[in-house]
Every structure is written in C-alpha cells, then in structure tokens.
Amino acid sequence: MKKKRICQAALGILGAGLLTAGLLQGDSRVVLNKAIRICYECIGIG
C-alpha cells in the first residue's frame, strides 16, 4: 500500500512538472486552437 502511494505521488509531481513546462513554452494556445477547430468541425460551422 505504501508503494502505491509513493508511485501516485511521483506521477502527480511528474504530471505537474510537465504541465508547467508546457505552459511556460506557450503550448496551451496551440492546444486551445486545435480544440476549437475540432469543435467547429463537429458542429458543422467550420
């Protein structure tokens, strides 16, 4: 049980670090633009 908690904490820290790195590089704008484009295609506007 203790090993599971350590793995969860390590993956949580790793995930937060990768999220921070992506935000610092400006990747959030690219992801948002792609998401908007996909939504427009699904609705049939674009």
Side-chain angles (χ1 to χ4, degrees):
M1 201 62 158
K2 188 175 183 178
K3 204 180 237 186
K4 184 178 177 180
R5 285 281 195 203
I6 292 171
C7 285
Q8 287 175 339
L11 288 175
I13 292 169
L14 179 64
L18 290 172
L19 182 66
T20 303
L23 289 172
L24 291 175
Q25 290 180 357
D27 289 338
S28 59
R29 182 176 302 241
V30 173
V31 172
L32 181 62
N33 285 336
K34 286 182 182 181
I36 290 171
R37 220 172 298 132
I38 289 171
C39 286
Y40 282 160
E41 288 176 10
C42 289
I43 296 171
I45 294 174

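We use all heavy atoms of the structure for the numbers below, so side chains are in, but hydrogens, waters and symmetry mates are not.
Considering NZ of Lys34 and CG of Asp27, their distance stands at 9.0 Å, rounded to 0.5 Å. Between the CZ atom in Arg37 and the CG atom in Leu32 there is a gap of 10.0 Å [rounded to 0.5 Å]. Here CD of Glu41 is found 11.0 Å from CD1 of Ile43. Values are rounded to the nearest 0.5 Å. For the atom pair CG of Leu14 and SG of Cys7, the computed distance is 12.0 Å after rounding to the nearest 0.5 Å.
By the criterion of side-chain heavy atoms lying less than 4.5 angstrom apart, applied directly or through intervening Ile, Leu, Val, Met, Phe, Trp or Tyr residues, Leu18 is not grouped with Ile13; the two fall into different hydrophobic clusters.
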